[in-house]
Amino acid sequence: VAKNGYNHGLKILNIFYFINSRYTQELPFIFIFGIATSPSAIQHRLPHSVSSLLCIEVFHSLSCTQHLASVFDKLILKSQFPFKLSSRVIQVLVGIFLYHDFSVQNFVKGLQFSMLEHFNSQPLSVLCCQKQEALLSAKTLSKQNVERIRHLPSFMRYVETQEPQEQVQLLTNDEHVKEVCQKLLKNLHKYHKNYYPILQCLHSLTSSLPKFPLGKHIRELHVSCIEKNLWETEEYDSALQLLRILAKDELVAALRKCAEILKSASTKRMQNVLQQLEDFIGRLEALEEGSSGNGIISGKMEYQRTDLFQLQKTLLEKESRRTKRMNPFEVLRSQVMEFIDSLVREYLTPAELQPLNEVCYYSSSGVLRQRLNVTPRTSIQAALSHPFYYLQVTDHSF
């Protein structure tokens, strides 16, 4: 019966198309089909006499991972938004997205839950706001909140690095703590303004490298940077090694992308970095294609485009030529790599090393996993066994 009904509906649809085709000059029609496989499904369902009447155009929405990348770019990887996520929280949210539902909407809900939980559970989140508002709030901190600041792990590490007299002031003088808190908040905001442009530059340089040593997506690189010293990892060494064999045109193109990113940065330090990058680009473009002095090995291999199948061979050759003199391009390329490495070490330090990072960063990944990433059957059983836990009541007598 179902098959007969399907065939009858398809027959009616064919007649409908025939009728509409007679009136396209007076009233053009557009039919939108939601197809989960391929456009050929239409041709398999409709006879040629009908499909020939249709002008078929294929369009599709962005993939869910592209939408996720857009969420990261607009909400998470922006210095304008003071609320931040720790590396473990990001891993929990992305893990739920990739291994459970591929739902960007649920990811955003998880982000909203993280924000609500942070402002509800962290009293010092009163300082998690725009710079000027945060400075005003720091001036009027209550005695209880000043004491909470003293107990923050990051602030305690900061106190340990100070001189003995300064340590006494920080531990006893509330007004002095408020002044220092304002300075540290300024530094935290400055850290974020410098962090994200350099992060985007490094991702631009490494996202096209073979096997993606630092990750294909910027979220992967971001997680690596905020949880550990990136420059101490083997992946970072591998990425730099691959960057050191880039050809001249590849290197110039990569540096131009970095320059475009830095043009939107607002800090003076980033503008200085931009000037230095543009200087390197100008010096690279001024080099002649075959320039090499007497007794200098020809750079022919280096000026060719990087071949994926020749990478290992090129790296081995690079090792064997370390003791030999470098041509002008190799010298300049080495200087560029040293400059990039210095930027990474200066600006991509882990967020947890920043004093007062607990004010802005939500790090309760366990709570987030418990609330969002649960097995329905297990949750129902736990709720029936311990209803007082889910109702959050203290009287267990019922």
Side-chain angles (χ1 to χ4, degrees), residues 32-38 58-122 124-125 128-130 192 195-196 199-200 203 207 212 214-228 350-352 357-393:
I32 301 177
F33 300 92
I35 301 174
T37 54
S38 65
V58 180
F59 68 95
H60 56 84
S61 62
L62 295 175
S63 66
C64 55
T65 53
Q66 290 176 306
H67 282 295
L68 179 64
S70 178
V71 172
F72 266 85
D73 181 58
K74 296 180 179 179
L75 295 180
I76 298 178
L77 303 180
K78 289 288 186 181
S79 61
Q80 291 88 341
F81 301 105
F83 174 72
K84 308 296 179 184
L85 301 176
S86 70
S87 60
R88 292 185 179 181
V89 170
I90 293 177
Q91 289 171 340
V92 170
L93 291 176
V94 174
I96 295 174
F97 175 85
L98 294 177
Y99 301 111
H100 287 81
D101 53 18
F102 286 102
S103 172
V104 177
Q105 184 177 7
N106 287 345
F107 180 88
V108 174
K109 288 182 178 179
L111 181 61
Q112 293 172 337
F113 176 82
S114 301
M115 183 180 298
L116 291 174
E117 183 68 18
H118 176 69
F119 284 97
N120 179 61
S121 61
Q122 174 58 271
L124 294 176
S125 60
C128 182
C129 50
Q130 297 300 327
H192 288 135
Y195 172 87
Y196 292 112
L199 178 74
Q200 293 172 358
H203 174 69
S207 60
F212 311 106
L214 294 181
K216 183 177 181 181
H217 304 285
I218 193 171
R219 64 173 183 267
E220 300 169 324
L221 179 59
H222 175 58
V223 168
S224 299
C225 290
I226 61 177
E227 70 177 355
K228 58 191 173 184
E352 64 178 14
N357 70 84
E358 297 90 346
V359 169
C360 297
Y361 283 83
Y362 176 68
S363 58
S364 300
S365 58
V367 175
L368 191 66
R369 187 181 291 108
Q370 182 183 18
R371 300 296 185 185
L372 300 182
N373 188 17
V374 294
T375 305
R377 180 178 297 178
T378 305
S379 300
I380 294 172
Q381 182 64 34
L384 293 174
S385 303
H386 307 284
F388 55 84
Y389 175 78
Y390 285 87
L391 295 176
Q392 297 184 356
V393 296

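Throughout, residue positions are numbered sequentially from 1 according to the sequence presented.
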Is there a side-chain contact between [X] and [Y] in this structure, where contact means two heavy atoms from C-beta onward sitting under 4.5 Å apart?
X      : Y      : answer
Leu372 : Ile96  : yes
Val223 : Gln91  : yes
Ile226 : Tyr195 : yes
Glu117 : Arg371 : no
Phe113 : Lys109 : no
Tyr362 : Val367 : yes

**Report entry** Pairs satisfying ring pair (Phe, Tyr, Trp, His ring centres under 6.0 Å), at least one member in residues 70-97, at least two apart
**Finding:** Phe72-Phe107, Phe83-His118, Phe97-Phe102
Query raised in the report: Is there a side chain to side chain contact (heavy atoms under 4.5 Å, CB included) between Ile76 and Arg219 once you walk through the steps?
Result: CA-CA 9 Å; Ile76 298 178; Arg219 64 173 183 267; over 6 Å; no
Quick one: closest heavy-atom pair of [X] and [Y], and the distance?
X      : Y      : result
Pro82  : Cys360 : O-CB, 3.3 Å
Ser363 : Ser86  : CA-OG, 3.3 Å
Ser364 : Val89  : N-CG2, 4.1 Å
Ser365 : Val92  : CB-CG2, 4.0 Å

Could you tell me the separation between the [atom1] atom of [X] and the [atom2] atom of [Y], rounded to the nearest 0.5 Å?
X      : Y      : atom1 : atom2 : answer
Gln200 : Ser207 : CD    : OG    : 11.5 Å
Glu227 : Glu352 : CD    : CD    : 9.0 Å
Leu77  : His222 : CG    : NE2   : 5.5 Å
Lys84  : Cys128 : NZ    : SG    : 8.5 Å
Leu214 : Cys225 : CG    : SG    : 8.0 Å
Ile218 : Leu199 : CD1   : CG    : 4.5 Å

Report summary line: Residues at least two apart in sequence or cross-chain that pass ring pair (Phe, Tyr, Trp, His ring centres under 6.0 Å) with Tyr196, listed by chain then number, are none
Query - Test item: Ser224 side-chain N/O and Glu220 main-chain N/O as donor-acceptor pair under 3.5 Å - result: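 Yes.
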Requested in this report: Please say whether more than 12 non-hydrogen atoms of neighbouring residues, nucleotides or ligands are located less than 6.0 Å from CD in Gln80.
Outcome: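 Yes - once you tally the heavy atoms of other residues, nucleotides and ligands closer than 6.0 Å, there are more than 12.
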